[in-house]
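Note that this is a predicted model, so its numbers are computed, not measured. Just so it is clear, the values below take in all heavy atoms, side chains as well, and ignore hydrogens, waters and symmetry mates.
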Amino acid sequence: MKRTALIFSLTLLIGMFGLSSAFAQEGVKIGFRASPLVGWAKVSNDSTKTKPAGLTTKAGVGFSFDFVFTYGFTDAVGLKTGINIATKTVKSEYDLGAFGNIDQNVNFTAVEIPIGLKFRSPEIGDGMYIVGHFGVNPEINVQNKVKTETTVPGVGTSTTEQVDVDGIRLLTGSFVPGVGLDWEFDWGMLEFAATYHWGLLSYTDPDKNGGNVSKLNYIALNLGYFF
């Protein structure tokens with residue numbers, strides 16, 4: 001009985017704290033965010049800095065679910081961090097001329113740890129604020145899956161799938177600017193934003209991928225709720 005009362009009291013205090021902080025960026029805020037995303041790869045040779053001959057890269061879709069923690073130093077500036085669980089896809093096609101072509105999809109499951117600053121304008125409407133974000137995302141590629149379709153004229157098409165390919169690195173990172181809108185209510189705050197994730201590190205090991213460096217970029221549309 002005492003344990004149940006304690007849990008209820010803690011839950012009530014957390015709820016009261018969330019509501020009391022819903023009208024200002026200053027202080028602690030906790031929230032969750034869902035983010036559909038579109039990603040693509042930028043591939044170049046590590047020595048020549050040129051794109052490999054016959055290579056075409058294509059966009060792929062993904063999704064991220066985020067736990068977000070912010071600490072406002074003031075109502076205008078705050079720290080933003082958390083944990084993102086993201087699935088990302090990049091597509092590529094190699095034209096081999098008379099020898100056919102190779103289509104490849106690389107799917108990532110990554111854990112991202114965003115670290116950045118959040119800036120917020122004065123109120124522009126009824127509970128509305130323009131926000132900006134700049135930071136970096138260290139990323140851990142906890143799993144990858146590579147699907148390859150090889151087409152040879154006169155022979156046909158073969159498909160192979162590999163999981164946790166050795167030539168794909170465990171650790172990567174990106175620079176992340178963003179812009180959006182905070183909209184506050186008496187029951188919490190909604191966040192509408194877009195972020196651009198600019199790959200800083202190669203997700204492929206050049207020594208195991210023909211000397212090629214591959215950096216993943218993506219755009220995410222963020223819908224969040226803070227309490």
Quiz prompt | CA sep, side-chain torsions, deciding dist, call: L181, I124, side chain to side chain contact (heavy atoms under 4.5 Å, CB included) | solution = CA-CA 10 Å; L181 177 74; I124 61 170; 4.3 Å; yes

Quiz item: So, N209 side chain and G167 main chain: donor-acceptor pair closer than 3.5 Å or not?
Solution: yes

Quiz item: Any idea how F185 and W183 line up, ring-wise: parallel (<30°), tilted (30 to 60°), or perpendicular (>60°)?
Solution: tilted

Quiz item: Would you say the side chain of V163 lies within less than 4.5 Å of the side chain of N144, judging by non-hydrogen atoms?
Solution: no

Practice problem: To the nearest 0.5 angstrom, please state how far the CG atom of N222 sits from the OG atom of S64. | Solution: 8.0 Å

Quiz item: Any ion pair linking E112 and K88 (charged N to carboxylate O, less than 4.0 Å)?
Solution: yes

Quiz item: Can you name the closest pair of heavy atoms from I30 and F67 and give their distance?
Solution: CG2-CE1, 3.4 Å

Quiz item: Is a side-chain donor-acceptor pair under 3.5 Å present for E93 with T56?
Solution: no

Quiz item: Atom CD in E184, atom CD in E191: separation rounded to 0.5 Å?
Solution: 12.0 Å

Self-check item: Name of the residue among W40, Y218, F175 meeting ring-ring contact (aromatic ring centres under 6.0 Å, His included) with H197
Solution: Y218

Quiz item: Hey, quick one: are L171 and I83 part of the same hydrophobic cluster, counting side-chain heavy atoms closer than 4.5 Å, chains of contacts allowed?
Solution: yes

Quiz prompt | Expected output: side-chain D95 to main-chain G97 donor-acceptor under 3.5 Å | solution = yes

Quiz item: Can a donor-acceptor pair be found between the side chains of S92 and T57 at a distance below 3.5 Å?
Solution: no

Quiz prompt | Closest contact, heavy atoms only, Y94 versus L55 | solution = CZ-CD1, 3.6 Å

Quiz item: How far apart are the closest heavy atoms of D75 and R120, and which atoms are they?
Solution: O-CB, 3.8 Å

Quiz item: Does the side chain of L190 come within less than 4.5 Å of Y225's, by heavy atoms?
Solution: yes

Self-check item: S121 side-chain N/O to I130 backbone N/O, donor-acceptor pair under 3.5 Å
Solution: yes

Practice problem: If the plane angle is over 60° it's perpendicular, under 30° parallel, otherwise tilted; pick one for F108 and Y203. | Solution: perpendicular

Practice problem: Determine whether Y196 and N217 make a side-chain contact, defined as any pair of heavy atoms from C-beta on separated by less than 4.5 Å. | Solution: yes

Exercise. Can you see which heavy atom on P114 is nearest to which on G82, and at what distance?
Key: CD-O, 3.5 Å

Quiz item: Quick one: NZ on K147 to CD on Q162, what's the gap to the nearest 0.5 Å?
Solution: 13.5 Å

Quiz item: Where is the tightest heavy-atom contact between K215 and L201, given as atom of each residue plus distance?
Solution: CG-O, 3.9 Å

Practice problem: First locate atom CE of M128, then atom CD of E123, and finally report the distance between them rounded to the nearest 0.5 Å. | Solution: 9.5 Å

Self-check item: T50-N45 side chain donor-acceptor pair, cut-off 3.5 Å
Solution: no

Quiz prompt | Pairwise side-chain contact, N141 with R169, heavy-atom cut-off 4.5 Å (strictly under) | solution = no

Exercise. Go through the side-chain N and O atoms of T204 and S214 and say whether any donor and acceptor fall under 3.5 Å apart.
Key: yes

Quiz item: Among the clusters formed by ILVMFWY side chains lying less than 4.5 Å apart, do L221 and V38 turn up in the same one?
Solution: no

Quiz item: Got more than 12 heavy atoms from elsewhere within 6.0 Å of CZ, F99?
Solution: no

Quiz item: To the nearest 0.5 Å, what is the distance between CD1 (I85) and OG1 (T109)?
Solution: 9.0 Å

Practice problem: Verify, without hydrogens or angle tests, whether D205 (side chain) and D207 (backbone) share a donor-acceptor contact under 3.5 angstrom. | Solution: yes

Quiz item: Is the closest side-chain heavy-atom distance between V61 and T89 below 4.5 Å?
Solution: no

Self-check item: Co-membership, hydrophobic cluster, residues V43 and L96, 4.5 Å side-chain
Solution: yes

Quiz item: What heavy-atom pair brings L117 and L79 nearest, and what distance separates the two atoms?
Solution: CD2-CA, 4.5 Å

Quiz item: Could you state the interatomic distance from CD1 (I168) to NZ (K145), rounded to the nearest 0.5 Å?
Solution: 13.0 Å

Exercise. Could you walk me through whether N84 and N137 pass side chain to side chain contact (heavy atoms under 4.5 Å, CB included), step by step?
Key: CA-CA 9 Å; N84 305 344; N137 281 22; 3.8 Å; yes

Exercise. Answer yes if F65 and F192 sit in the same cluster of Ile, Leu, Val, Met, Phe, Trp and Tyr residues linked by side chain heavy atoms under 4.5 Å apart, and no otherwise.
Key: yes

Quiz prompt | Contact check, side chains of V111 and I113, non-hydrogen atoms, under 4.5 Å | solution = yes

Quiz item: Can a salt bridge be assigned to the pair K118 and D182 using a cut-off of 4.0 Å between side-chain N and carboxylate O?
Solution: yes

Practice problem: Using modelled atom types only, decide if a donor and an acceptor are shared between the side chain of T74 and the backbone of A76 within a distance under 3.5 Å. | Solution: yes

Quiz item: Among N107, T160, D164, V165, which residue meets the side chain to side chain contact (heavy atoms under 4.5 Å, CB included) test with V146?
Solution: V165

Quiz item: With the 4.5 Å side-chain cut-off for hydrophobic clustering, are F63 and L223 part of the same group?
Solution: yes

